[in-house]
Amino acid sequence: MPGTLQHSELDDGSPKTAPDQLQELKHDGSVLSIAVSSDYIFTGTSKGQIVVWSLGTYQLVRTIQAHKRSVLCLFLSQDGKYLFSTACEPIINVWCPKTFTRLYEIYSTYDVGDVFSVVYSPQNETVYFGTQTQYIQWVGLKDDDRKVSHDSANHPDRRQHKFFDSRPVGGTSTPRRTEDYYSLIPRAETVLEVDPYAIEKYAHYGWVFCMQIAKGPTVLVDDDEEVLVSGGGDGTIKLWRLSDKGPGYHEDEDTKGSIQELMVLGEDDAESVMSLFVDGSFLYAGKLGGIIELWDLDTKQRLRVIHAHTGNINAVGLRFGLLWSASTDGFASKHRAAHTTEESNGTSQNVSQRYQCLSRWKAHNAKILSAAVATYQNNQLFITGANDNTVRIWHVNGAPAETEEVDGEHEDMMIRSLRQFVSYKTVSSRPEFTEDCRKGATFLGSLFKRLGAQVEMLSSDGPHNPVVFAKFSGKLEPAEKRKRVLFYGHYDVVPADMAGENWKTDPFKLVGQNGYLYGRGVSDNKGPIIAALYAVSDLLQAKALDSDIIFLIEGEEESGSRGFEETILRHKDLIGHIDYVLLANSYWLDDEVPCLTYGLRGVLHATVCVDSKHPDLHSGVDGSNMISEPLTDLTLLLGKLKGPRNKVNIPGFYDGILSITEEEELRYDDIASILIKRNPTAGPVDALKRSLMARWREPNLTIHRYNVSGPDGSLISSHATANVSIRLVPGQEVEEIISKLKSFLKAEYEKFDSDNTLTVRIDNKAEPWLGVPGNYIFRTLEEAVMRAWGGSSSSSPSTSTTSDTDSSSPPSSPPSSSPSDNEKANGVTLPPNATNGETTSTGAAAPKTRKPLYIREGGSIPPIRFLEKEFNAPAAHLPCGQASDSAHLHNERLRLVNLQKSREIFTTVFRKL
């Protein structure tokens, strides 16, 4: 029987629960194609018919004899104005999907064979179709020059076919087939003959099975630029740039429109591409053999291969936050997908594994040849058609539904962008969120581009998230005179655990409460990135941006900045010369006093392993003093690392550490006195000062955890490991400390005379960083902070040295060193939360006009020192959030005023640098 399946069932343990089947629509021909409008289901059959069913009542509305042969493709234009049909013949028809009138008949002057695919570009008002002869051709619906009469001699029904109409000498040609139902095909209102030069011959080295028009699917084109995507029997996917102008070498022919190859994905002779779907910069390709390939169109990387079926995948698409597919094995399936452009919400609680098969059910006891996803009166529908002459409508409500954002009608564009940015679950530490990270990068790149930047997605050879590069060009001419400021940030976030009631709101849906914005990443680091971006946008709109601003936003900072250095080194020529490095990736010491960070500790993570030549042993049966136990060796060895009062015993460990200066001592006095005023229980002042110095400017070694082989019980484990971290400070070189650590552990271990083997593995490392508070970038930041948080003050930092080591600062540019009138009148000893009766433009109390605190931090940001050294440019760090922001914790937040003030500060800094 023709409907009998030849494929075995894919047995991967996926649920086989079928959704509710609402209706089965039967006809007398195989269903090869489906399109759905707001009112109708259109099905193309093997009888050359388009069968129209009511989407509301599922009643048969009309049967149209559309073609002489099987209807291979149906395509509904985005505006619902046109329905296109192609068949196993060289004719393309255009119908009105409301009146079912045949508006256009289109044919090629070439013998193109069957037409497998058709799409329509609203921007160009052009039809593109893919053929059996491996061509892509096109014609404009409004091109009067291509209109011909109904009885044109070039029509495929009347012109001589080189093969079928050929005849031997003295012989006769084969009579053309004719059927009574041919006369039932409606007469077209207009006939269009495709320009012979409107052709891309051998667009694929195989039949052009599928096509789609996508807007801005890659950073290579503008966001609103339409791109033609095609999939072929040769296994490749191609993107084509569309033009309404003809090829240069045919200008004399007045050809309208052309396509130029933009990129090629995949390799020739791979499995044929039978279906495709583009979602943002992601492309899903359904192929022979039951696989779906996921491609990133920004980086041209194949991200994933999903084994979805055992048969050929003739339909694939995304809707309701799910990946839908149907195959010739008779099964339909839904997979949990990445963050789609339709899905603006969702929580990590609902996402356990990306592209996990949620259900694969037997939809037909036949080959599924077509499928579509639709909604009708709040019902979510999956519609399948097969060669058993049936269409089945499946009720799939309960899938994550599309939800509209609850933006206010006049919501600030910066908040709206941040709302979208936060909705991407860019958790770099968990593989199941890999595609979300890519989606977040794509969103950010598109936003940069929309606001006027040149954008590139930078990647390395490894499987790392891309670095978003964006360059905003200043107006100063010539360009060589412009200063170039690099802003570093990261779009990845730490996980958001939704277990219990840890989060009061959905962590990936931005929520405003009591003047704060809540959401994962809003403070670390998406909010500061958006503030900096809109600061540049403000300057561009005001035509006040003289310098070039370069953004480098990575996607793996929360995972040790894997691949970042390699990526930057590879693309250093693109980034170009840099004068200043700026980042905003931390928080104030409290909730009141703005800060500037000028120092960070470095970090070294190592794994110490001890292995036995024996397997795991029972301590009762095999344990004796003749066996060296790995866990005992490891414990004794790690005990050598530190002595009394946490002194690190590694020889030379403290060599080179910079002594504290008088200026730095004054900073600690200032910080401690302010914090004590805020919280008297944190005292006394000397103890708090000592604690800050120990956490910020002194090194430390920490043993984190032990791991052993074997199950719990009375075992002698054959393998024992421990994780060790060392926090480094300026004056300590990472490579020297690594060498000293390894040498010390090796020397101490040799004293054990153990039979076991010691290995030390360095997992990651970051150099410490120490800025220069008195240089031009810090002085500019300080002035901007004071202006934003309390009026215009041009005081230089009280802790700056008299000798400015930043030779790049112009003599006339630094702010004045005289204190403001406000400081003279009120004195700097007033409580830092004093406002002198002033309020900000937002209505919030304005902090007293005082200098920001210059602080160091005990944590590490690996890229900052690398960027400073690599580009020979001074770096500075602006904390945007408050101490209570709960970054990395539940209910992460950022005060709205802080976001607005950060934008104001960045605007001033970018204008002055």
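These values consider heavy atoms only, across backbone and side chains, with no hydrogens, waters or symmetry-generated copies. Quick note: residue numbers are just sequence positions, from 1.
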Worksheet entry | Heavy-atom donor-acceptor pair, Ser459 side chain to Pro466 backbone, under 3.5 Å | no
Rounding to 0.5 Å, atoms NZ (Lys572) and CD (Glu870) come to a distance of 3.5 Å
Output yes when a side-chain donor or acceptor of Asp548 lies under 3.5 Å from a complementary backbone atom of Lys471, and no otherwise.
no
| query | Are more than 12 heavy atoms from other residues, nucleotides or ligands located less than 6.0 Å from atom NZ of Lys504? | reply | no
Exercise. Check whether any side-chain heavy atom of Gln882 lies under 4.5 Å from a side-chain heavy atom of Glu592, and answer yes or no.
Key: no
Q. Which of parallel (below 30°), tilted (30 to 60°) and perpendicular (above 60°) describes Tyr854 and Tyr598?
A. tilted
Determine the interplanar angle of the Phe487 and Phe551 rings, folded into 0 to 90°, and report it as parallel if under 30°, tilted if 30 to 60°, perpendicular if over 60°.
tilted
query = Can you list the steps and then say if Ile575 with Ile578 is a side-chain contact (heavy atoms from CB on, under 4.5 Å)?
reply = CA-CA 8 Å; Ile575 299 168; Ile578 297 297; 4.1 Å; yes
*asked:* What I want to check is whether the side chains of Asn585 and His490 have a donor and an acceptor closer together than 3.5 Å.
replied: yes
Check your understanding: Under 3.5 Å, is there a donor-acceptor pair linking the side chains of Ser559 and Ser428?
Key -> yes
Keeping Arg482 on the side-chain end and Gly474 on the backbone end, is there a donor-acceptor pair under 3.5 Å?
yes
- Task: Classify the side-chain pair His571/Asp573 by whether it contains a donor and acceptor separated by less than 3.5 Å.
- Result: no
**Prompt:** Going through the distances and angles, do Asp546 and Arg911 end up as a salt bridge (charged side-chain N to carboxylate O under 4.0 Å, His left out)?
**Reply:** CA-CA 7 Å; Asp546 288 334; Arg911 177 173 54 83; over 6 Å; no
>> Do Asp591 and Ser884 pair up side chain to side chain, a donor and an acceptor below 3.5 Å, judged on atom types alone?
In response: yes
- Strictly under 6.0 Å, is that where the ring centroids of Trp696 and Trp769 end up? no
- Are the side chains of Tyr580 and Tyr776 in touch, meaning some heavy atoms are under 4.5 Å apart? yes
In sequence, state the C-alpha distance, the side-chain angles, and the governing distance for Leu896 and Tyr516, and then conclude on side-chain contact (heavy atoms from CB on, under 4.5 Å).
-> CA-CA 5 Å; Leu896 181 58; Tyr516 286 85; over 6 Å; no
- Query: Checking Asp492 side chain against Glu557 main chain: does a donor-acceptor pair fall under 3.5 Å?
  - Reply: yes
Q: For the pair Thr597 (side chain) and Gly599 (backbone), establish whether a donor and an acceptor sit closer than 3.5 Å, ignoring hydrogens and angles.
A: no
Rounded to the nearest 0.5 angstrom, the CZ-OG distance for Arg895 and Ser523 is 11.5 Å
**Prompt:** Does the side chain of Val603 reach to within under 4.5 Å of the side chain of Leu728, using non-hydrogen atoms?
**Reply:** no
The single option from Thr505, Asn891, Leu517, Val522 that satisfies side-chain contact (heavy atoms from CB on, under 4.5 Å) with Val511 is Thr505
Any donor and acceptor pair, going by atom type alone, linking the side chain of Glu857 with main-chain N or O of Leu600 inside 3.5 Å? no
* Asked: Below 4.5 Å, heavy atoms only, C-beta onward: do Arg601 and Pro699 meet side chain to side chain?
  -> no
For the side chain of Lys483 and the backbone of Asp579, is there at least one donor-acceptor N/O pair under 3.5 Å apart? no
Looking only at side chains, do Arg727 and Ser860 share a donor and an acceptor under 3.5 Å apart?
yes
Open item on the list: Parallel, tilted or perpendicular: which one describes the rings of Phe906 and Phe910, with boundaries at 30° and 60°?
Closed with: parallel
**Prompt:** Any side-chain donor-acceptor pair under 3.5 Å between Glu554 and Ser561?
**Reply:** yes
**Message:** Would you say Ser547 and Lys912 are linked by a side-chain donor-acceptor pair, where the criterion is simply a distance under 3.5 Å?
**Reply:** no
Within the 4.5 Å heavy-atom criterion, are Asn465 and Arg438 side-chain neighbours or not? yes
Do we get Lys526 above Phe421's six-membered ring, with its NZ or CZ under 6.0 Å from the centre and within 45° of the axis? yes
Measure up the His890 and Trp503 rings against each other and bin them: parallel (under 30°), tilted (30 to 60°), perpendicular (over 60°). perpendicular
Where the side chain of Asp506 meets the backbone of Phe508, is there a donor-acceptor pair that is under 3.5 Å apart?
-> yes
message = Donor-acceptor check, side chain of Asp224 to backbone of Gly216, threshold 3.5 angstrom: yes or no?
response = no
Taking side chain as C-beta onward, heavy atoms only, is Leu574 less than 4.5 Å from Gln454?
-> yes
Heavy atoms of Phe448 and Ala470 approach each other most closely as CG-CB, 3.5 Å
His888 meets the side chain to side chain contact (heavy atoms under 4.5 Å, CB included) criterion, sequence neighbours left out, with Val494, Asp524, Glu558
Using the salt bridge (charged side-chain N to carboxylate O under 4.0 Å, His left out) rule, take Lys901 and Glu904 through it: C-alpha gap first, then chi angles, then the decisive distance, then the call. CA-CA 5 Å; Lys901 292 297 184 182; Glu904 184 179 337; 3.8 Å; yes
**Prompt:** Does the Asn775 side chain pair with the main chain of Phe778, one donor and one acceptor, at a distance under 3.5 Å?
**Reply:** yes
To the nearest 0.5 Å, atom CG of Leu486 lies from atom CZ of Phe469 at 9.0 Å
CZ of Arg667 to CD of Glu664, rounded to nearest 0.5 Å, is 6.0 Å
Output for pair (Leu533 CG, Leu447 CG), nearest 0.5 Å, gives 5.0 Å
Report task. Using the side chain to side chain donor-acceptor pair (under 3.5 Å) rule, take Thr442 and Asp298 through it: C-alpha gap first, then chi angles, then the decisive distance, then the call. Result -> CA-CA 8 Å; Thr442 297; Asp298 283 331; 3.1 Å; yes
request  = Check the pair Leu582, Leu781 against side-chain contact (heavy atoms from CB on, under 4.5 Å), reporting the backbone distance first and the verdict last.
outcome  = CA-CA 10 Å; Leu582 180 62; Leu781 272 169; 3.9 Å; yes
Is the closest side-chain heavy-atom distance between Tyr668 and Arg856 below 4.5 Å?
yes
Smallest heavy-atom separation, Ser537 atom then Leu451 atom, equals OG-CD2, 4.0 Å
Cation-pi, Tyr534 ring and Arg903 (6.0 angstrom, 45 degrees):
no
Start with the C-alpha gap between Ile415 and Leu510, add the side-chain angles, then the distance that decides, and say whether side-chain contact (heavy atoms from CB on, under 4.5 Å) holds. CA-CA 9 Å; Ile415 304 300; Leu510 194 69; 4.3 Å; yes
Side-chain contact test, heavy atoms from C-beta onward, threshold under 4.5 Å: evaluate it for Glu892 versus Asp885 and give yes or no. no
Can Tyr488 and Phe564 be said to form a ring-ring contact (aromatic ring centres under 6.0 Å, His included), step by step? CA-CA 11 Å; Tyr488 163 84; Phe564 178 77; 5.6 Å; yes
